[in-house]
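First up is the structure itself, then whatever we jot down about it.
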2 protein chains.
Amino acid sequence: MQERVTMTDVARAAGVSTATVSYVLSGKRPVAPATRTAVEAAITELGFTVNTAARSLRTGQSTLVALIVPDIANPFFAQLAAALQEELRGLGLHVIVCNTRADRREERALLAEAVQQRFAGVVITPFRLLPRDIEVLGRAGIPTVISADVPFGPVDLVTPDARTATRQALERVTAAKRRRIAMIAGPRDATGGDPRLELLRNLARQFGTSLPGDLVVRGEHTREAGAEGFARLMSRRYRPDAVFCANDMVAVGALDKANELGVGIPGEVALVGHDDASFASLVRPQLTTIRYPAEDVGRAAARLLKERLDGRSVHRTVRVKAEFLARDSA
Amino acid sequence: MQERVTMTDVARAAGVSTATVSYVLSGKRPVAPATRTAVEAAITELGFTVNTAARSLRTGQSTLVALIVPDIANPFFAQLAAALQEELRGLGLHVIVCNTRADRREERALLAEAVQQRFAGVVITPFRLLPRDIEVLGRAGIPTVISADVPFGPVDLVTPDARTATRQALERVTAAKRRRIAMIAGPRDATGGDPRLELLRNLARQFGTSLPGDLVVRGEHTREAGAEGFARLMSRRYRPDAVFCANDMVAVGALDKANELGVGIPGEVALVGHDDASFASLVRPQLTTIRYPAEDVGRAAARLLKERLDGRSVHRTVRVKAEFLARDSA
DNA sequence: CTGAAAGCGCTAACAA
DNA sequence: TTGTTAGCGCTTTCAG
């Protein structure tokens with residue numbers, strides 16, 4: 001049980017007041033060079049670091065940033081978390097990763113906690129949340145970054161620019177003379193519908209094809225749902241010859257089922273995922289996917305948060321370019 | 001910017017003092033039923049939650065629990081993190097996941113921060129840390145749980161019981177008449193050596209075989225290192241016919257290389273991993289592995305931490321049973 | 001350019 | 001069974 005070094009100790013050692021130590025740390029008012037040097041020497045000498053609890057109590061703001069995601073076991077979010085944390089560490093901010101399991105009640109509970117505890121920031125990929133659920137953060141003045149496919153009220157946004165990549169995917173698929181295009185999309189009640197489906201639909205038209213209603217099935221963003229969705233598609237009167245998936249977890253589930261049913265991938269059916277989760281290149285056949293770079297998303301979110309913390313008040317959108325990765329499954 | 005509800009507000013509403021409110025919350029001294037009811041009513045009425053910063057400042061203990069792991073992108077640790085967080089949430093504790101990238105300096109920096117900020121607890125899978133590095137936590141009185149294959153000083157430990165599972169793996173491999181057993185182990189300078197290698201060596205003797213020095217190669221716990229290690233093994237004068245891997249990331253790397261070299265798995269070489277990371281059943285051939293259940297580990301760590309927080313002072317060890325999963329690669 | 005001091009919201013010792 | 005109150009370590013206003 002060793003004693004903690006407080007600012008008072010530093011002040012005494014440097015022969016100044018605690019106010020001066022505080023200002024050396026924050027730079028919020030000028031300090032004479034000599035004083036500053038003395039204080040800095042005392043700080044390193046004693047190994048002082050600020051007590052964040054005291055600071056938080058005084059400033060009314062914690063050092064916690066919540067990263068709220070539907071599924072931390074999805075490597076995409078794990079990587080996003082790692083990048084975010086890495087970027088924010090230098091600012092003395094701590095990232096807590098909160099798993100909602102795609103449950104709206106969890107999502108809302110987490111937001112409430114962020115408000116109550118005056119979190120320094122929130123980065124969230126909403127899954128079943130409504131835009132008005134998010135508003136509480138704005139009212140509480142908590143810097144918020146949404147990572148989602150569609151805008152979500154007047155807050156900072158990191159969003160994919162997937163148009164080109166999706167077009168390339170469609171090119172590849174249609175060049176192989178595939179016309180019956182299907183999608184295993186997210187659940188109907190997900191936040192913002194399924195923008196990946198919308199984009200695909202729009203672009204499909206340009207390729208002279210479409211996604212008929214019976215070739216769009218829906219389910220959670222899980223491997224199981226992917227398997228189930230694929231099975232349903234295979235039971236259609238006219239089977240699809242190309243299946244796009246909401247994300248790579250879903251695509252892998254589809255692959256499981258294809259194996260089980262003896263459906264050849266890509267022979268009979270081309271399979272395209274989204275995200276390029278780390279396992280996408282690991283399955284056989286390797287997953288063709290529309291890569292959305294998790295690290296870049298994490299870094300972009302960190303940057304937006306920093307800017308907010310530095311006082312920016314207008315909201316910004318960062319578009320992160322998705323990339324088409326033609327591997328073996330399509 | 002809405003106002004925060006403080007304990008004073010609650011006290012006023014309930015017609016008691018803040019002390020009573022505090023005691024209702026903590027249960028640290030008896031409160032008359034009627035009073036308790038009134039206070040609880042006021043709390044829900046006003047939507048009060050304690051200000052953790054104030055509490056931390058007062059008690060000298062934060063609500064933060066650090067989970068320090070070598071690689072958060074490894075799904076094993078991601079799942080561990082999710083389970084730990086889930087268990088601890090109810091206690092009002094926040095888990096921050098800290099990635100060390102297997103770097104000792106990072107590991108030490110994180111421990112130092114935990115001490116400085118008086119974290120409520122630390123759960124760590126040390127990778128290059130020495131036992132004496134950990135001691136700072138004990139001296140600072142911070143509840144600590146080690147998740148590792150070997151004991152690590154007098155602290156709480158969650159550790160695998162892999163003897164039976166490893167024996168089963170060896171049985172399967174030797175039953176297939178494989179005698180040249182190899183391992184792609186962890187780096188030589190890793191904390192505690194490589195206990196998985198030691199265990200395998202010990203048991204191999206019982207099966208009338210052994211792991212000769214030139215059939216043990218070493219590297220980081222990464223996919224790349226796995227590929228490289230496998231390549232080295234394949235360049236041996238007498239190639240192994242069975243390869244155990246430090247974990248599943250490594251095993252997948254080995255699989256990559258086997259594909260590249262045209263080495264048949266399991267035809268020419270049997271491959272056995274460790275952990276059963278989520279992707280183990282995803283690769284082709286599916287990975288035979290010695291499963292170490294991440295969720296159980298996370299829950300066990302949470303339980304040990306809770307017990308410490310409740311005052312237990314002797315250290316305990318929880319053994320979590322590993323399980324042999326015979327899939328396709330061996 | 002620097003210091004004194006109030007006070008953030010809570011806990012726990014002490015008093016009743 | 002309950003209340004009063006000091007004080008945790010910091011930031012920031014006000015005064016010098």
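The structure displayed is predicted, hence computed values, not measured ones. FYI, side chains are in, hydrogens and waters are out, and symmetry mates aren't considered; it's all heavy atoms of this structure. All chains are named by letter (A, B, ...) in the order of the sequence lines, taking the proteins before the strands, and each is independently numbered beginning at 1.
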Would you tabulate the pairs of protein nitrogen or oxygen atoms and nucleotide nitrogen or oxygen atoms of nucleotides 12-16 of chain C closer than 3.5 angstrom?
{"residue": "C:dA12", "atom": "OP2", "partner": "B:Lys28", "partner atom": "NZ", "Å": "3.3"}
{"residue": "C:dA12", "atom": "O4'", "partner": "B:Arg58", "partner atom": "NH2", "Å": "3.4"}
{"residue": "C:dA12", "atom": "N7", "partner": "B:Tyr23", "partner atom": "OH", "Å": "3.3"}

Those residues that, when tested against [X], pass side chain to side chain donor-acceptor pair (under 3.5 Å) (two or more places apart):
{"X": "A:Asp103", "result": "none"}
{"X": "A:Asn99", "result": "none"}
{"X": "B:Gln117", "result": "A:Thr52"}

Legend entry - Integer-rounded Å distance: C:dC8 C1' and B:Leu57 CG: 9 Å
Legend entry - salt bridge (charged side-chain N to carboxylate O under 4.0 Å, His left out) involving B:Asp71 - partner list, sequence neighbours excluded: none
Inset, instruction - Taking salt bridge (charged side-chain N to carboxylate O under 4.0 Å, His left out) as the test, write out the residues that go with B:Glu106, two or more places apart. - result: A:Arg89, B:Arg101
Scan for side chain to side chain donor-acceptor pair (under 3.5 Å) pairs involving [range], sequence neighbours excluded, and state none if there are none.
{"range": "residues 307-319 of chain A", "value": "A:Asp156-A:Arg308, A:Asp156-A:Arg312, A:Glu307-A:Arg312, A:Glu307-A:Arg316"}
{"range": "residues 34-45 of chain B", "value": "none"}
{"range": "residues 121-133 of chain A", "value": "A:Arg104-A:Asp133, A:Arg108-A:Asp133, A:Arg128-A:Asp189, A:Arg128-A:Glu220"}

Legend entry - Side-chain heavy-atom pair B:Met7, B:Leu25 within 4.5 angstrom cut-off: yes
Legend entry - B:Ala148 versus B:Pro160, closest heavy-atom pair with distance: O-CD, 3.6 Å
Legend entry - Within residues 8-15 of chain A, residues whose heavy atoms come under 4.0 Å of DNA chain C: A:Gly15
Inset, instruction - Enumerate the residues from residues 38-56 of chain A whose closest heavy atom to DNA chain D is under 4.0 Å, giving them by residue number; use none for an empty result. - result: A:Phe48, A:Val50, A:Asn51, A:Ala54, A:Arg55
Legend entry - B:Lys306/B:Glu87 ion pair, N-O < 4.0 Å: yes
Inset, instruction - Walking along DNA chain D from 5' to 3', note the first and the last nucleotide with an atom under 4.0 Å from a heavy atom of chain B, and give both. - result: D:dT1 to D:dG9
Inset, instruction - Describe, in one word, how the ring planes of A:Tyr292 and A:Phe76 are oriented to each other, choosing from parallel (under 30°), tilted (30 to 60°) and perpendicular (over 60°). - result: parallel
